[in-house]
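Okay, so here's the structure we're looking at.
Each chain gets a letter, A, B and so on, in the order its sequence line appears, and its residues count up from 1.
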There are 2 protein chains.
Amino acid sequence: MAEPRTQPAQPSEPLSDAPVPKVVVSRLSLYLRELQRLEAAGQQTISSGQLGTLLGFSDAQVRKDLGFFGQFGYPGVGYRCDELIRAMRDILGTNHPWSVAMVGVGNLGQALLGYRGFGRQNFAIAAAFDADLAKVGQVIQGIRIQPLDELAETVRTLGIRLGMIVVPVGAAQEAADRLVAAGVEGIVNFAPVTLVLPHHVQNVGVDLAIELEQLSFAVTTKLTRAGGTDADEGGGRAGNGHAGAV
Amino acid sequence: MAEPRTQPAQPSEPLSDAPVPKVVVSRLSLYLRELQRLEAAGQQTISSGQLGTLLGFSDAQVRKDLGFFGQFGYPGVGYRCDELIRAMRDILGTNHPWSVAMVGVGNLGQALLGYRGFGRQNFAIAAAFDADLAKVGQVIQGIRIQPLDELAETVRTLGIRLGMIVVPVGAAQEAADRLVAAGVEGIVNFAPVTLVLPHHVQNVGVDLAIELEQLSFAVTTKLTRAGGTDADEGGGRAGNGHAGAV
DNA sequence: CGGTGTGAAAGTTTTCACAGCG
DNA sequence: CGCTGTGAAAACTTTCACACCG
């Protein structure tokens, strides 16, 4: 932060008002994940070519993606890991903590309550709700399960902006409606159904069976782009495949 | 199956050898999911426009996507749900059962072992492995946890072709190596790391923190295409957002 | 009519290739 | 040199629009 810099600025925000392709943002998360790993391993700088190779993208794609948000590199050197990490987190919005409301505390919900990966990226499940009154009052992973009736008030009181739906498929839409009514701005939905939401509420779906379906197809057939394992030449690198929001 | 048909054929395989875009296949899974819901609700036929509206896509996109695989519709009528479901499952490869090997039976692994959604789409977790010898021998959800040493033999004996990695990030690459050595053809990876895999092994990544990161960005900013919740006009439909393979 | 299937046009994303910088 | 940042070209995907069918 207090480093003397020569030229690179880090606007860290969409730069122009040009809309950023969704696919670029999904790669940003991968860049960040890899950069954090590299930094932890002691690497100070990295070039677009190296970063791309690690993830199965071209050097040009890495540079173009970053170019949507500013100029972060040093010609002849590459990018400084620490700076780029900070910039990515600024862009993705994870330099500040996010509170998340979980609805549905079954097997999967309980596992997610204990998942350490959220905290590492600055997400905290701040409240959890379940329709089953037998669960209400239990404390799981330090969180007291609340009844659905308390959802709206708790969400407002804690200033929660994101929700996570982990209920059975039949209860998902109602859970979504409650979260929306409480003022949540985005929802991650683990139920295998397409939610009906107002346009101002963002939505990411994770359908575990669909991930396997995509693999089933890929194992059987050839795809056009970045299919299944992708990119990379020769030896053994794995490229990357992420499921794609449902 | 014994219906008299007029004209529609259902090639159900890539039709020509033209490679199919990955994004098309991901939408196929969504079409299938929606069709199954509609059929369960008693609907017999559906038009491309209706199906598209339910998922936030255009009618033309639905028709183009299906067009990669054959001709399934009846002009003036639409598609018969039962026929289209069967065709989609043939294409995705889920008309026959798949056995999956799970590596790592922690909180998340145990939750996935009990997840009913896999079975509904013809996936069965047929074996589970863990490095923790205290877990080995336990029976969870009807599956006996085996030591990693038995992975190769079990995978071969059971003819398992797909693997699922649910170990901590530091153990993921080794788990992948073992699965690959055992002859698995595709891997779903829940660990937040990019695996190095041979090119012939397909790979889908699910990074739970990245899903939230994408939401964090979407809530903060405007995206270009299918951003967060997308598509649809007026009232309240939710479009669809699936995360995108890592 | 209402709706499919499909070329052709429009729009978007990726790759190329190169000027410029330290 | 090695590597970034970026216009311009190429590739790919989506939308349009219409012939054709029951």
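- Close to D:dT14, at under 4.0 Å from its OP1 or OP2, lies a side-chain N or O of B:Arg27.
- Taking 4.0 angstrom as the limit, B:Ser48 places none of its side-chain polar atoms (N or O) nearer than this to OP1 or OP2 of C:dG3.
- Nucleotide C:dT4 holds its C1' atom 16 Å from the CD atom of B:Gln61, rounded to whole Å.
- Smallest separation of non-hydrogen atoms from B:Leu112 and B:Phe118: O-CE1, 3.5 Å.
- Phosphate proximity of C:dT6 to B:Gln71: present, with a side-chain N or O under 4.0 Å from OP1 or OP2.
- Separating the CZ atom of A:Phe57 from the P atom of C:dT14 is a distance of 9 Å, rounded to the nearest angstrom.
- For the pair A:Leu84 CG and D:dT4 C1', the computed distance is 13 Å after rounding to whole Å.
- Between A:Tyr79 and D:dG5 there is a side-chain polar atom (N or O) within less than 4.0 angstrom of OP1 or OP2.
- A distance of 10.0 Å separates NZ in A:Lys64 from OG in A:Ser58, rounded to the nearest 0.5 Å.
- The interatomic distance linking B:Phe72 (CZ) with C:dT6 (P) rounds to 11 Å, in whole Å.
- Residue B:Arg63 places no side-chain N or O under 4.0 Å from the OP1 or OP2 atom of C:dG5.
- Atom CZ in B:Phe68 sits roughly 12 Å away from atom P in C:dT6 (whole-Å rounding).
- One finds no salt bridge joining A:Arg86 and A:Glu83 here, because no Lys/Arg side-chain nitrogen approaches an Asp/Glu carboxylate oxygen to under 4.0 Å.
- A distance of 5.5 Å separates CG of B:Leu35 from CD1 of B:Ile85, quoted to the nearest 0.5 Å.
- Atom P of nucleotide D:dT4 and atom CG of A:Leu66 are separated by 9 Å, given to the nearest angstrom.
- In B:Gln43, the CD atom is crowded: over 12 heavy atoms of neighbouring residues, nucleotides or ligands sit closer than 6.0 Å.
- Rounded to an integer number of Å, the gap from A:Leu51 CG to D:dC3 C1' is 14 Å.
- The base of C:dT6 has none of its N or O atoms less than 3.5 Å from a complementary donor or acceptor on the side chain of B:Lys64.
- Rounded to whole angstrom, the span from the CG atom of A:Asp59 across to the P atom of D:dG2 amounts to 14 Å.
- Taking only side-chain atoms of A:Ala60, from C-beta outward, the nucleotide of C:dT4, C:dC16, C:dC21 with the closest atom is C:dC16.
- The residue A:Gly76 sits close to a base: some heavy atom pair falls under 4.0 Å.
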